[in-house]
Structure formats: structure tokens, C-alpha cells
**Student:** 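I'd like to ask some things about the structure below.
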Amino acid sequence: MIYTITANPSIDYVVTADTLTLGTINRLNTSVSLPGGKGINVSRILDQLDLETTALGFVGGYTGAFIKSTLQADHLTTNFTEVAEDTRINIKINADQETEINGQGPKVTSAEVETFKTTLETVLKPGDVVVMSGSLPPNLPETFYKDLIPLIKAKNADFVIDTTGQALLDTLSAQPLVVKPNHHELAELFQTELHSLSEIAAYGRKLLDLGAKNVLISMAGDGALLITKAKTYYSKAPVGTVVNSVGAGDSMIAGFTGTMATTNDPQNSFKIGLACGSATAFTKDLATKAQIDALLPQIVITEFKA
Ligand SMILES: Nc1ncnc2c1ncn2[C@@H]1O[C@H](COP(=O)(O)OP(=O)(O)OP(=O)(O)O)[C@@H](O)[C@H]1O
Ligand SMILES: O=P(O)(O)OC[C@@]1(O)O[C@H](CO)[C@@H](O)[C@@H]1O
């Protein structure tokens with residue numbers, strides 16, 4: 001089972017407009033409300049891939065109820081911890097550019113945190129994978145996800161934390177199943193500039209040396225690298241029109257983690273991950289299985305030698 005933890009879910013209110021102008025009334029062309037938050041996105045893609053997943057995290061109020069009921073209507077398994085305050089609403093504006101306005105989220109009490117930890121401890125079994133992603137409610141400590149690692153490891157389960165900066169470096173010694181910085185985040189991690197694929201691959205390998213079991217470096221439309229102990233792989237990104245890139249990174253993590261957890265085949269996991277990421281970038285909502293499958297023939301993985 002792959003559990004996702006979204007500490008701060010959201011309703012994603014995704015809208016389109018011809019243009020967006022500050023300081024005036026903007027009229028929308030379309031709008032849709034989607035259950036959002038990075039871990040929830042991972043679960044939704046895993047579900048499309050017919051992989052077993054359960055979404056955990058904190059939800060509250062009418063917004064939380066919307067998220068739960070929408071996911072359940074899609075037959076996605078959830079085991080959320082209820083909180084007293086309302087889950088946030090994030091606004092995603094697709095106009096001449098993509099603009100995102102993300103809420104702060106509800107405060108979570110220490111009793112609610114304890115209930116969540118008990119749930120996690122109760123459900124986890126050896127061989128499970130826990131994917132933790134997204135921002136934290138405003139009053140939780142920055143180490144919230146990292147502090148769950150001992151509990152996860154004590155259950156002989158694997159983990160993935162989608163984070164950046166020092167928080168990412170801090171988790172490496174605990175051997176995450178995969179880390180997925182994009183190439184800009186990788187450069188920032190090492191306070192450097194990366195100009196070529198060889199440089200990106202070399203710095204990505206440092207994350208492996210520091211403990212990550214696999215390293216994915218996404219480069220949006222420029223393709224991606226997978227660095228494993230044995231080899232480094234590269235693939236171009238599938239070609240298409242970007243409609244809404246929200247959730248593309250989450251989709252890539254879902255495709256890679258889900259395939260890796262069930263097949264232990266890094267090359268195929270890379271291929272599925274890339275297809276999931278791009279299929280989501282090419283559609284308004286997250287990708288469907290049909291959209292993911294349609295991109296697979298475009299993806300050619302080659303061994304990358306510097
Ligand atoms: N222009 C694009 N063309 C094709 N695929 C894309 C494009 N942009 C994003 N993707 C897909 O989404 C994946 C993740 O994108 P990116 O490298 O931007 O990561 P990210 O910064 O984590 O994404 P985000 O934060 O937007 O979710 C890429 O590896 C690719 O599969
Ligand atoms: O504010 P956070 O938690 O960093 O990001 C939340 C969010 O932008 O991430 C997802 C896309 O990755 C969206 O579904 C959601 O609105």
C-alpha cells in the first residue's frame with residue numbers, strides 16, 4: 001500500500017481567463033474545483049495507475065468535506081484526520097501566464113496531531129511506502145514530515161518526502177526511496193549554477209551518495225534524469241501543449257514511486273513517472289490513465305554517460 005500524507009490539503013479552484021490584470025475586475029472563461037494538495041495528487045495518479053493507495057492528512061470544515069466526498073466518489077480510499085478549522089482554498093489562474101494563490105491552511109491542534117500519528121502507526125505494515133508532500137499548516141513545526149520517519153522506518157516501510165533545500169538534505173541519511181528536485185532546485189541546494197546535463201547528473205549523484213536510493217531530476221519540457229547506484233538515465237520529455245502544470249511534479253513522483261514499489265524496475269518507473277508528469281502538464285486536471293498511456297510510446301530512455 002502506498003500512503004500519502006498531505007498535511008495541508010486544498011480545494012484547487014482552477015480558472016481560465018484571457019488575461020489577468022491587477023487592480024480591476026477580471027472575468028473568467030471557465031472554473032473548476034478539484035481536490036488538491038501534493039499528496040492527494042499523488043494518490044489520485046496512483047489510483048489512475050490501478051495501484052493501491054490511501055490518502056492521509058488533515059481535513060476540516062466544508063472544504064475538507066468537499067475533498068473527502070469528491071475523492072470517495074472517485075472510489076479513492078482516504079483515512080483523513082478531522083480538524084476543527086476549514087481546509088484552505090488555493091486559486092490557480094491560467095491566463096496569459098500561470099498564477100497560483102495558495103492559502104495558509106487551518107491550525108492543527110496537538111490532539112489532532114496525536115490522532116493522526118495513531119492512525120499512521122495503526123495502518124502501516126512492512127513493505128508499505130509513505131509519500132509526504134506539500135506545505136504544512138501554519139502552526140506545525142517545519143520538521144513535521146521528517147519527525148515521522150522513525151515511526152515509518154520502525155514499521156519497515158519506505159518513505160518519500162517531496163521537499164527542497166536544507167529539509168531535503170536533512171532527510172537523505174534516512175534513505176528515501178526517491179528524491180525529485182527539479183534542476184533549478186538542485187542548483188540551489190548546492191548554491192551553484194548548472195549549465196549542462198553532465199553537471200546536473202554529477203550534482204544529482206551527490207544526493208545518491210548522501211543516502212537517497214534513487215534521484216530523479218526533472219527539467220520540465222527539457223526532459224529528466226534518473227540517477228541510480230548502477231546507472232544514470234536520460235529521457236526527453238514528451239511533446240505537447242502545456243495546459244496547466246499544477247501537479248505535474250506530484251504526478252511524476254506518483255508514477256515513479258508507484259511503479260518502483262510494485263516492480264523494482266527503475267527504468268520502467270522512470271518512463272511511467274515522466275509520462276504521468278507530462279500527461280498532467282498537458283491537461284487541466286490531473287492526467288487520466290488513457291492520457292498517460294498515450295504518451296508512453298514517445299518516451300525513449302537512454303543510458304546517460306557524461
Ligand atoms: N513543458 C513541458 N513539456 C512536457 N512535459 C512537461 C513540461 N513541463 C512539465 N512537464 C512534465 O512534468 C514533470 C515535472 O515538471 P517540472 O520539472 O517542472 O517539476 P516541478 O517543478 O516539480 O513541477 P511543478 O512544481 O510544476 O509540479 C516533467 O518531468 C515533465 O514530465
Ligand atoms: O502550498 P503547497 O502545499 O506547497 O502546494 C499546494 C499545491 O499548490 O500543490 C499542488 C500541486 O503540486 C496543488 O494541488 C496545491 O494547490
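Just so we're clear, the structure is a prediction, and the values are computed from it rather than from any experiment. Counting convention: from 1, in listed order, for ligands and their atoms alike.
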**Student:** Is there a side-chain contact between Ile40 and Phe80 in this structure, where contact means two heavy atoms from C-beta onward sitting under 4.5 Å apart?
**Tutor:** yes
**Student:** Counting heavy atoms only, which of Ser235, Gly277, Ala279 is nearest atom 11 (C) of ligand 1?
**Tutor:** Gly277
**Student:** Just by distance, no angles: are the side chains of Glu121 and Thr118 close enough, under 3.5 Å, to form a donor-acceptor pair?
**Tutor:** no
**Student:** Verify whether one side chain among Ser43 and Thr53 offers a donor that lies under 3.5 Å from an acceptor in the other.
**Tutor:** yes
**Student:** For Val246, counting its heavy atoms only, list the atoms of ligand 2 lying under 4.0 Å from any of them.
**Tutor:** 11 (C), 13 (C)
**Student:** Considering only the protein, which heavy-atom contact is closest to atom 12 (O) of ligand 2, and what is its distance?
**Tutor:** Asp250 OD2, 2.7 Å
**Student:** Could you tell me whether some N/O pair between Lys180 and ligand 1 is separated by less than 3.5 angstrom?
**Tutor:** yes
**Student:** Is any side-chain heavy atom of Ile5 less than 4.5 Å from a side-chain heavy atom of Leu120?
**Tutor:** yes
**Student:** State if Gly249 counts as touching ligand 2 under the rule of any non-hydrogen atom under 4.0 Å.
**Tutor:** no
**Student:** Among all the protein's non-hydrogen atoms, which is closest to atom 8 (O) of ligand 2, and how far away is it?
**Tutor:** Lys92 NZ, 2.7 Å
**Student:** Could you check which of Arg44, Gln104, Lys38, Arg88 puts a non-hydrogen atom nearest to atom 1 (O) of ligand 2?
**Tutor:** Arg88
**Student:** Say whether, by atom type as modelled, one donor and one acceptor occur between the side chain of Asn214 and the main chain of Thr228 under 3.5 angstrom.
**Tutor:** no
**Student:** Less than 4.0 Å from atom 25 (O) of ligand 1, is there any heavy atom belonging to the protein?
**Tutor:** no
**Student:** So, Lys180 versus Ser218: side-chain donor-acceptor pair below 3.5 Å or not?
**Tutor:** yes
**Student:** Using a strict cut-off of 4.0 Å, indicate which atoms of ligand 2 neighbour a heavy atom of Gly134.
**Tutor:** 3 (O)
**Student:** If you count the atoms of ligand 2 from 1 in the order shown, which ones are under 4.0 Å from a heavy atom of Ser10?
**Tutor:** 15 (C), 16 (O)
**Student:** Can you name the atoms of ligand 2, numbered from 1 with element, that are less than 4.0 Å from a heavy atom of Asn90?
**Tutor:** 6 (C), 15 (C), 16 (O)
**Student:** State whether Glu82 and Lys68 are salt-bridged, where the test is any N-O pair (Lys NZ or Arg NE/NH1/NH2 against Asp/Glu carboxylate O) under 4.0 Å.
**Tutor:** yes
**Student:** Side-chain contact test, heavy atoms from C-beta onward, threshold under 4.5 Å: evaluate it for Leu49 versus Ile292 and give yes or no.
**Tutor:** yes
**Student:** Would you mind reporting whether Asn156 and Lys125 have side-chain heavy atoms less than 4.5 Å apart?
**Tutor:** no
**Student:** For atom 21 (O) of ligand 1, which protein heavy atom lies nearest, and how many Å away is it?
**Tutor:** Asn182 ND2, 2.9 Å
**Student:** Can you check whether His184's main-chain N or O pairs, donor with acceptor, with Asn182's side chain at less than 3.5 Å?
**Tutor:** yes
**Student:** Heavy-atom distance to atom 4 (C) of ligand 1: which of Pro238, Ala248, Gly240, Gly247 wins?
**Tutor:** Pro238
**Student:** Report the nearest protein non-hydrogen atom to atom 3 (N) of ligand 1: residue, atom name, distance rounded to 0.1 Å.
**Tutor:** Gly221 CA, 3.5 Å
**Student:** Can you find an N or O of Leu274 that's nearer than 3.5 Å to an N or O of ligand 1?
**Tutor:** yes
**Student:** Any N or O on Met252 sitting closer than 3.5 Å to an N or O of ligand 1?
**Tutor:** no
**Student:** Assess whether a salt bridge exists between Glu100 and Lys92, defined as any Lys/Arg side-chain N lying under 4.0 Å from an Asp/Glu carboxylate O.
**Tutor:** yes
**Student:** Any donor and acceptor pair, going by atom type alone, linking the side chain of Asn139 with main-chain N or O of Val108 inside 3.5 Å?
**Tutor:** yes
**Student:** Which ligand 2 atoms are under 4.0 Å away from a heavy-atom of Glu100?
**Tutor:** 8 (O)
**Student:** Hey, is ligand 1 close enough to Glu185 that some N/O pair sits below 3.5 Å?
**Tutor:** no
**Student:** Just let me know how Ile40 lines up against ligand 2, side chain, backbone, both or neither, with a heavy-atom cut-off below 4.0 Å.
**Tutor:** neither
**Student:** Do the charged groups of Lys289 and Asp293 touch, with an N to O distance under 4.0 Å?
**Tutor:** yes
**Student:** Taking side chain as C-beta onward, heavy atoms only, is Met219 less than 4.5 Å from Tyr234?
**Tutor:** yes
**Student:** Have a look at Cys276, Ser278, Ala220 and point out the one with the heavy atom closest to atom 9 (C) of ligand 1.
**Tutor:** Ala220
**Student:** Is it the case that ligand 2 has an N or O less than 3.5 angstrom from some N or O of Asp12?
**Tutor:** yes
**Student:** Find all atoms of ligand 2 within a distance of less than 4.0 Å from any non-hydrogen atom belonging to Gly36, and give their numbers and elements.
**Tutor:** 14 (O)
**Student:** Which of the numbered atoms in ligand 1 are below 4.0 angstrom from a heavy atom of Val242?
**Tutor:** 1 (N), 2 (C)
**Student:** In the protein, what heavy atom is nearest to atom 19 (O) of ligand 1, and what distance, to one decimal place, separates them?
**Tutor:** Ser218 OG, 3.2 Å
**Student:** Should we count NZ of Lys236 as having more than 12 external heavy atoms under 6.0 Å?
**Tutor:** no
**Student:** Suppose I only count heavy atoms of Gly37 and a 4.0 Å limit; which atoms of ligand 2 are within that range?
**Tutor:** 13 (C), 14 (O), 15 (C)
**Student:** Do me a favour and list the nearest non-hydrogen protein atom to atom 10 (C) of ligand 2 with residue, atom name and distance?
**Tutor:** Asn41 ND2, 3.5 Å
**Student:** Does only the side chain of Ser135 get under 4.0 Å from ligand 2, or the backbone, or both, or neither? Count heavy atoms.
**Tutor:** both
**Student:** Do Lys153 and Asp158 sit within salt-bridge range, that is, some charged N less than 4.0 Å from a carboxylate O?
**Tutor:** no
**Student:** Does the N or O separation between Gly249 and ligand 1 drop below 3.5 Å for any pair?
**Tutor:** yes
